[in-house]
Number of protein chains: 2
Amino acid sequence: MHMSKSSHTSQAQTIKSLSAIQSEVESINRIALSVDCVIFGFDENKLKVLLIRSDLKKFQGKWSLLGDLVDPREELDEAASRILKQRTGLDDVYMEQVKTFGSLHRHPAGRVVTVVYYSLINIQNHKLKILDNELHWHDVSEIEDLAFDHKQILDCSYEQLQRRVQEHPLAFSLLPKKFSLRELQNVYEAILNIKMDRRNFRKKFFAMDFLVDIDEMEQDVPHRPGKLYNFNYNKYEKKKKKWVGIDF
Amino acid sequence: MHMSKSSHTSQAQTIKSLSAIQSEVESINRIALSVDCVIFGFDENKLKVLLIRSDLKKFQGKWSLLGDLVDPREELDEAASRILKQRTGLDDVYMEQVKTFGSLHRHPAGRVVTVVYYSLINIQNHKLKILDNELHWHDVSEIEDLAFDHKQILDCSYEQLQRRVQEHPLAFSLLPKKFSLRELQNVYEAILNIKMDRRNFRKKFFAMDFLVDIDEMEQDVPHRPGKLYNFNYNKYEKKKKKWVGIDF
DNA sequence: GCAAAAGTGTTTAGTTTACACCCATGC
DNA sequence: GCATGGGTGTAAACTAAACACTTTTGC
């Protein structure tokens with residue numbers, strides 16, 4: 001086999017001993033790690049995201065995602081849950097890792113690599129627990145600028161949400177347990193920023209057959225009330241399709 | 001607005017000063033960060049991945065992905081490119097971040113969080129540069145166990161590849177610039193682990209209209225030679241579709 | 001009774017699948 | 001001349017899209 005003539009200078013890492021790695025791990029090569037949470041909600045027929053005012057002078061007046069440094073004894077997912085719990089009081093929430101952002105100068109305090117999660121919560125079901133730093137909900141479509149690289153992080157998370165919501169039953173996480181088909185359609189329209197045909201939408205979801213008619217109606221609506229449904233996760237798990245097809 | 005009665009004990013982080021964050025960033029809260037590369041190739045009609053023997057006694061005899069610690073002054077993408085370049089000599093390679101793995105005890109040297117990238121390279125075009133630690137290609141389908149959590153990382157990367165290859169023109173990165181339709185189909189069949197109809201496959205790709213007939217034929221094949229094509233990335237960029245549809 | 005949204009089917013267009021025969025080359 | 005894979009078209013099944021009127025409720 002042909003052996004390249006190119007230099008071997010950078011192969012050192014391949015023959016490191018455990019103790020050498022250990023000393024690197026323990027000393028020079030450590031980096032601050034944070035978790036940032038993009039917390040999506042749905043209200044007033046709009047997709048919302050939870051923001052606070054940045055603490056830092058450099059970003060004075062700018063809004064920021066919720067995040068914190070990861071403790072070295074803490075799992076990444078746990079850090080994300082902790083941040084979410086602190087701010088929303090919610091525990092059992094849909095959450096997904098998006099991407100890790102590590103630009104050298106993304107944080108003014110030095111090198112901080114951040115692992116980003118997004119989560120989907122049902123706004124109606126809860127009130128925010130701690131309103132420090134003006135914690136509150138913002139329309140995703142109206143956000144122009146955020147502290148740090150958080151606008152880029154939000155855009156990336158939102159794009160991932162748009163992709164995933166078309167292939168997985170995520171929309172239900174943004175709604176109460178009981179919801180009308182109109183509400184469900186509104187979630188899709190808000191996330192994907194499109195209009196859909198009402199009849200075709202209903203047909204599609206009934207055909208999938210994991211909405212359960214709970215025999216209740218909307219209350220206090222100024223028009224004919226709609227039926228309410230539950231999402232049956234077990235039925236979904238059994239029926240979900242293995243999608244194959246080349247399409248781009 | 002209703003103010004929750006729940007404890008405020010964990011809100012401390014929201015009012016940290018920059019200097020407080022700075023001292024955390026500089027000291028106690030740092031974590032070793034590595035990058036691992038899942039390097040896919042295609043040969044003998046099989047999807048391959050590049051592995052080395054693990055350096056560590058604990059994993060003696062086990063194969064491992066290629067990775068290294070991230071230098072605090074180095075971008076994550078650069079670290080991934082560096083690892084790839086060291087081992088394959090290749091520069092200009094398709095590469096995508098997959099996910100970050102951070103289980104507390106995934107690495108015997110201590111807490112090491114790892115950012116995983118996969119890349120797609122054309123095996124035919126090159127020979128491996130450095131063969132230390134028995135660096136070589138393995139059939140993805142035959143890998144049973146790897147050092148660290150690398151089997152889990154490989155599975156996750158492979159699943160992501162399977163999803164992405166159906167929606168983006170990645171397959172071309174695994175082939176030489178000139179390829180036959182049969183080779184292209186073989187890539188899809190290997191990645192997705194399915195058989196496809198030859199006529200429908202051809203129809204589909206010709207309809208997409210970004211394969212360029214370069215008016216050359218296969219050489220030295222023991223049967224009727226096929227035409228060779230290029231992938232025209234510009235044409236793809238213009239034509240690619242914005243895909244909408246709920247399907248799960 | 002009027003405003004507002006719920007509920008409901010059918011037709012058409014487009015896409016995906018299944019399927020079989022002749023052709024060009026190397027040996 | 002035979003083995004091997006290249007190259008091609010059509011019909012059937014399925015899926016997605018377009019589209020309008022009647023019903024129920026609150027006011």
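Letters A, B, ... are given to chains in the order of the sequence lines, protein chains preceding strands, and every chain is numbered from 1.
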**Study point:** Between P of D/dG7 and CG of B/Leu211, the distance in whole Å
**Key:** 12 Å

Exercise for review: Rounded to the nearest angstrom, tell me the gap between atom NZ in A/Lys241 and atom C1' in D/dC14.
Suggested key: 11 Å

Study note, to complete from the structure: Whichever of B/Ile246 and B/Leu181 has the more 5' nearest nucleotide on DNA chain D, that residue is B/Leu181

Point to revise | Nearest listed nucleotide, side chain of A/Arg199, among D/dC19, D/dA17, D/dG6 | key: D/dC19

Review point. Would you call B/Lys48 and B/Asp43 a salt bridge, using N to O less than 4.0 angstrom?
Key: no

Point to revise | Atom CG of A/Asp213: over 12 foreign heavy atoms under 6.0 Å | key: yes

Check your understanding: Rounded to whole angstrom units, what separation is found between the CZ atom of B/Phe248 and the C1' atom of D/dT15?
Key -> 16 Å

Check your understanding: If you find the nucleotide of DNA chain C closest to A/Asn200 and the one closest to A/Pro222, which residue's nucleotide is nearer the 5' end?
Key -> A/Pro222

Study note, to complete from the structure: Side-chain atoms of B/Arg224 come closest, of C/dG7, D/dC19, D/dG7, to D/dG7

Study note, to complete from the structure: Here the distance between atom C1' of D/dA16 and atom CZ of A/Phe201, to the nearest Å, is 15 Å

Practice item. Check every strand shown and say whether B/Asp197 touches a base, only sugar-phosphate, or nothing at a heavy-atom separation below 4.0 Å. Key: base

Exercise for review: For B/Asp247 and for B/Pro225, locate the closest nucleotide of DNA chain D by heavy-atom distance; then report the residue assigned to the nucleotide nearer the 5' terminus.
Suggested key: B/Pro225

Review point. Less than 4.5 Å apart, any side-chain heavy atom of B/Leu120 and any of B/Leu170?
Key: yes

Review point. Hey, does A/Lys203 reach any base, or is it just sugar-phosphate, or nothing, if we go heavy atoms under 4.0 Å?
Key: base

Exercise for review: Please report, rounded to the nearest Å, how far the P atom of D/dG6 is from the CZ atom of B/Phe179.
Suggested key: 14 Å

**Study point:** For atom CD of B/Gln185 and atom P of D/dG7, their distance in whole Å
**Key:** 12 Å

Review point. Can you check whether B/Lys204 has a side-chain N or O nearer than 4.0 Å to OP1 or OP2 of C/dT16?
Key: yes

Review point. Among A/Lys178, A/Lys177, A/Lys227, which one satisfies salt bridge (charged side-chain N to carboxylate O under 4.0 Å, His left out) with A/Glu216?
Key: A/Lys178

Check your understanding: Heavy-atom distance under 4.5 Å between the side chains of B/Phe101 and B/His150, does that happen here?
Key -> no

Point to revise | C/dG7 phosphate, OP1 or OP2, under 4.0 Å from A/Arg202 side-chain N/O | key: yes

Check your understanding: Rounded to whole angstrom units, what separation is found between the CE atom of A/Met196 and the P atom of D/dC19?
Key -> 17 Å

Exercise for review: Report yes or no: is there a donor-acceptor pair, N or O only, under 3.5 Å between the side chain of A/Arg198 and the base of C/dG7?
Suggested key: yes

Point to revise | Side-chain N,O (B/Arg182) to OP1/OP2 (D/dG6) below 4.0 Å | key: yes

Exercise for review: Send over the distance from B/Leu184 CG to D/dG7 P, rounded to a whole Å.
Suggested key: 13 Å

